[in-house]
Asks: 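Quick one: this structure, given as structure tokens, is what I'll be asking you about.
All values below come from the heavy atoms of this structure, side chains included, with hydrogens, waters and symmetry mates left out.
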Amino acid sequence: MKIPESVRVLLPKAPLAHLTTLNSDGGPQVTVVWVGIENEEFVIGHMATHKKVRNVGRDPRVALSLLGDKTNAQGLREYAVVYGNARVSEGRAVDLLQRLARIYVGPTADFPPAAMRNIPGYITRITPTRFAGIGPWSSQGGE
């Protein structure tokens, strides 16, 4: 599924993203993440096999929420929700995190720390299956 241009424009302005994965008991696990886009997938870098990484390895269904920077005509803050399927690959997390740090921390950010740059890390790639929320990316106009 193609990522709408409105979501591509929102991403660098969004404060942080919330990634929801599924625990082994079926319950949600929510974590704050930095997120970027490569081609038609959302990408998230990790330096270790955190719970979210293990959850995706077991069940690829995820949701990602992004708070927008606009308020609609009804006075509601816009937000995007991405539903999709994720997969995790090992390696290249440092390059991704350095790129995302310049968006989320500042234009001169240097992350991860030099002592961690020899760790391959992991990248979660999310292929979107549906967009929702309140904003131009949602055909429903809200959830």
Asks: Val62 and side chain to side chain contact (heavy atoms under 4.5 Å, CB included): which single residue from Val56, Ile44, Thr20 fits?
Replies: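 That would be Val56; it is the only one of Val56, Ile44, Thr20 passing the side chain to side chain contact (heavy atoms under 4.5 Å, CB included) with Val62.
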Asks: Listed by chain and number, what are the side-chain contact (heavy atoms from CB on, under 4.5 Å) partners of Pro128, not counting sequence neighbours?
Replies: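 If we apply the side-chain contact (heavy atoms from CB on, under 4.5 Å) test to Pro128, skipping adjacent residues, the hits are Ile3, Phe42, Val82, Phe131.
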Asks: Quick one: do Thr31 and His50 satisfy side chain to side chain donor-acceptor pair (under 3.5 Å)? Show the steps, please.
Replies: CA-CA 10 Å; Thr31 188; His50 300 288; over 6 Å; no
Asks: Parallel, tilted or perpendicular: which fits the ring planes of Trp34 and Phe111, with parallel below 30° and perpendicular above 60°?
Replies: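 Answer is perpendicular, since the angle exceeds 60°.
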Asks: Are Glu78 and Lys70 within salt-bridge range, i.e. N to O under 4.0 Å?
Replies: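 Salt bridge between Glu78 and Lys70, a charged N being under 4.0 Å from a carboxylate O: no.
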Asks: Would one find more than 12 heavy atoms of other residues, nucleotides or ligands at under 6.0 Å from atom CG of Asn39?
Replies: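 No, because the 6.0 Å sphere around CG of Asn39 holds 12 heavy atoms or fewer from other groups.
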Asks: Counting C-beta onward and ignoring hydrogens, is there a side-chain heavy-atom pair between Thr71 and Leu76 closer than 4.5 Å?
Replies: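 Not in contact.
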Asks: Between Arg77 and Gly68 (side chain of the first, backbone of the second, donor and acceptor by atom type, cut-off under 3.5 Å), is there such a pair?
Replies: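 Judged by distance alone, yes, a pair lies under 3.5 Å.
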Asks: Can you name the residues that form a side-chain contact (heavy atoms from CB on, under 4.5 Å) with Glu41, not counting sequence neighbours?
Replies: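 Counting only residues at least two positions away or on another chain, Glu41 forms a side-chain contact (heavy atoms from CB on, under 4.5 Å) with Arg87, Arg125, Thr127.
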Asks: I want to check something: taking the side chain as every heavy atom from C-beta on, are Met47 and Val94 in contact at a cut-off of under 4.5 Å?
Replies: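 Yes. Closest side-chain heavy atoms under 4.5 Å.
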Asks: Counting N and O atoms only, with roles assigned by atom type, does the side chain of Asn72 sit under 3.5 Å from a partner on the main chain of Gly75, one being a donor and the other an acceptor?
Replies: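 Yes, because the side chain of Asn72 sits within donor-acceptor range (under 3.5 Å) of the backbone of Gly75.
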Asks: Tell me whether Val30 shares a hydrophobic cluster with Leu19, the cluster being built from Ile, Leu, Val, Met, Phe, Trp, Tyr side chains joined at under 4.5 Å.
Replies: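 Different clusters.
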Asks: Is there side-chain contact between Val35 and Tyr104, with heavy atoms separated by less than 4.5 Å?
Replies: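 Touching, per the 4.5 Å side-chain cut-off.
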Asks: Identify the two heavy atoms, one from Leu97 and one from Pro112, that lie closest to each other, and give their separation to 0.1 Å.
Replies: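 Smallest heavy-atom distance, with atoms named: CB-CD, 4.1 Å.
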Asks: Answer yes or no: is there a side-chain heavy-atom contact under 4.5 Å between Val81 and Leu66?
Replies: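 Side chain of Val81 against side chain of Leu66, heavy atoms only: no contact under 4.5 Å found.
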Asks: Hey, quick one: are Ile126 and Leu22 part of the same hydrophobic cluster, counting side-chain heavy atoms closer than 4.5 Å, chains of contacts allowed?
Replies: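 Ile126 and Leu22: separate clusters.
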Asks: Counting C-beta onward and ignoring hydrogens, is there a side-chain heavy-atom pair between Ile37 and Leu11 closer than 4.5 Å?
Replies: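 Side chain of Ile37 against side chain of Leu11, heavy atoms only: contact under 4.5 Å found.
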Asks: Going by salt bridge (charged side-chain N to carboxylate O under 4.0 Å, His left out), name the pairs with one or both residues in residues 99-123, residues two or more places apart or in two chains.
Replies: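 Only Glu38-Arg99, Asp110-Arg117 qualify under salt bridge (charged side-chain N to carboxylate O under 4.0 Å, His left out).
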Asks: Among pairs that include at least one residue of residues 52-64, which meet salt bridge (charged side-chain N to carboxylate O under 4.0 Å, His left out), considering only residues two or more places apart or in two chains?
Replies: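 Only Asp59-Arg61 qualify under salt bridge (charged side-chain N to carboxylate O under 4.0 Å, His left out).
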Asks: Got a sec, which residues hit side chain to side chain donor-acceptor pair (under 3.5 Å) with Glu5, two or more places apart in sequence or on another chain?
Replies: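 Scan of Glu5 (side chain to side chain donor-acceptor pair (under 3.5 Å), adjacent residues dropped) gives none.
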Asks: Which residues satisfy the side chain to side chain donor-acceptor pair (under 3.5 Å) test with Thr21, sequence neighbours excluded?
Replies: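 Here the qualifying residues are Gln29, Asn55.
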Asks: What closest approach, in Å, do Trp137 and Ala132 show between heavy atoms, and which atom pair accounts for it?
Replies: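 The pair with the smallest heavy-atom distance is CD1-O, 3.3 Å.
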Asks: Enter the distance from Tyr122:OH to Glu90:CD here, rounded to the nearest 0.5 Å.
Replies: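 Going from the OH atom of Tyr122 to the CD atom of Glu90 covers 4.5 Å.
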Asks: Can you confirm whether Val88 sits close enough to Ile123 that some side-chain heavy atom of one is under 4.5 Å from a side-chain heavy atom of the other?
Replies: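 A side-chain contact under 4.5 Å is absent here.
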Asks: What heavy-atom pair brings Ile103 and Pro12 nearest, and what distance separates the two atoms?
Replies: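 Looking at all heavy atoms of both residues, the shortest contact is CG2-O, 3.8 Å.
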Asks: I need the Tyr83 OH to Thr129 OG1 distance, nearest 0.5 Å.
Replies: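 Going from the OH atom of Tyr83 to the OG1 atom of Thr129 covers 9.5 Å.
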